[in-house]
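Down below is the structure, laid out as structure tokens.
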Amino acid sequence: MKGLLKKDLALLANTGKIYVGVSLFCMVLGLVNEDMRDFSLSFLVIMFSLAAPSTLSYDEFDNGMSWLMILSADRSVYAKEKYLLSILLGLAGAVVAVILGVLVFQINPFQGGSDSQIAILVAFFFTSGLMLAVMIPAKLKFGSEKSRVIVMGLVIAVWIVVFAGKYLLESLGINLSGAIESLEEIPNAAVILGLLAFYGICMSVSYFCSASILEKKEF
């Protein structure tokens, strides 16, 4: 796994200028518009995390997967490395966001309430985990091109379900604003622990799916 991790980090290092540019863009966006600071910092977590599935496209280039599967003693190790890389990149994005928030935006990351930077970053870290839990198995199963269509279709389906559910609840006379306000009363620590626990469950289930796909796949 160490060799695979070094390979992927070396591949991502070649595109490092992109992430430097994204970080600078987020910094400028936050300086120009204070209301966009939380979004710009959280966007870094998403961008860094989603860099991991891009390495699958590099691996597939010029029948590279056949070569990698010969070198790898266990296909599950290959899948495990992709998830480890995803987590490490997500954490790296969170660290960069915290440093940027403290040094540039002068935000206290440990402040409480609904504006807690740590809670917001964990929420986006969780969101990236949900996306990765779908993207990695889809790419392994269908390849890079088809997986884009599948993931896009899933995103559209989720939005339809969300808006349909919102409309249904409102038609039943359920007060969504009151429900959201009651959720804000939950302590940040409980929210963070809950999101991280659910993140671990989603990524674990996704890993076993990916490992199963690789075991059955012929290269």
Side-chain angles (χ1 to χ4, degrees), residues 23 26-27 29-30 33-53 80 82-137 151 154-155 157-210:
S23 299
C26 291
M27 182 179 68
L29 181 63
N33 189 346
E34 292 186 6
D35 294 333
M36 296 295 292
R37 288 182 177 179
D38 287 337
F39 169 78
S40 62
L41 294 178
S42 301
F43 182 71
L44 287 175
V45 180
I46 298 289
M47 282 297 298
F48 274 70
S49 297
L50 296 187
K80 192 179 296 182
K82 294 301 178 186
Y83 287 90
L84 176 60
L85 179 66
S86 301
I87 295 171
L88 291 177
L89 290 176
L91 292 175
V95 170
V96 172
V98 170
I99 293 174
L100 190 62
V102 172
L103 298 182
V104 180
F105 301 151
Q106 297 183 349
I107 298 175
N108 179 9
F110 301 106
Q111 66 181 356
S114 59
D115 295 329
S116 171
Q117 186 189 17
I118 296 296
I120 293 173
L121 291 178
V122 169
F124 275 82
F125 184 71
F126 166 75
T127 302
S128 68
L130 292 182
M131 298 170 69
L132 291 167
V134 176
M135 291 176 66
I136 295 177
V151 172
L154 182 61
V155 170
V158 169
W159 276 106
I160 292 175
V161 170
V162 169
F163 281 107
K166 180 177 180 292
Y167 176 79
L168 178 62
L169 291 175
E170 289 178 347
S171 64
L172 294 174
I174 298 176
N175 186 4
L176 290 177
S177 299
I180 294 174
E181 289 177 0
S182 63
L183 290 176
E184 292 179 352
E185 297 177 0
I186 300 175
N188 286 333
V191 173
I192 291 172
L193 289 176
L195 290 176
L196 290 177
F198 197 29
Y199 175 91
I201 293 171
C202 291
M203 293 292 272
S204 298
V205 172
S206 179
Y207 160 71
F208 285 113
C209 291
S210 296

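Position 1 is the first residue of the sequence; numbering continues from there. Just so you know, these numbers use all the heavy atoms, side chains as well, and skip hydrogens, waters and symmetry mates.
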*Rounded to the nearest 0.5 Å, how far does CZ of F124 lie from CE of M47?*
14.0 Å

*Find the distance between OG (S210) and NZ (K82) and round it off to the nearest 0.5 Å.*
11.0 Å

_Candidate list V102, L103, V96, test side-chain contact (heavy atoms from CB on, under 4.5 Å), partner I99, passing option_ = L103

*Is a side-chain N or O of S42 found less than 3.5 angstrom from the main chain of F39, in a donor-acceptor match?*
no

*Less than 4.5 Å apart, any side-chain heavy atom of M135 and any of L50?*
yes

*Side-chain heavy-atom pair S49, L89 within 4.5 angstrom cut-off*: no

Can you give me every donor-acceptor pair (side chain of residues 197-207, partner residue at least two apart or in another chain, under 3.5 Å) with its distance?
unit_1: S204; atom_1: OG; unit_2: G200; atom_2: O; d: 2.7
unit_1: S206; atom_1: OG; unit_2: Y83; atom_2: OH; d: 2.5
unit_1: S206; atom_1: OG; unit_2: A133; atom_2: O; d: 2.8

_Any residue meeting side chain to side chain contact (heavy atoms under 4.5 Å, CB included) with A97, in chain and number order, not counting sequence neighbours_ = L41, L44, L121

*Heavy-atom pair with the smallest gap, counting every atom of G90 and V45*: O-CG1, 4.0 Å

*What are the two closest non-hydrogen atoms of S86 and A52, and how far apart are they?*
OG-CB, 3.2 Å

_Could you walk me through whether F43 and S23 satisfy the side-chain contact (heavy atoms from CB on, under 4.5 Å) test, starting with their C-alpha distance in whole Å, then the side-chain angles of each, then the deciding distance to 0.1 Å, before giving a yes or no?_
CA-CA 9 Å; F43 182 71; S23 299; over 6 Å; no

*May I have the step-by-step check of side-chain contact (heavy atoms from CB on, under 4.5 Å) for I46 and F125, ending in yes or no?*
CA-CA 7 Å; I46 298 289; F125 184 71; over 6 Å; no

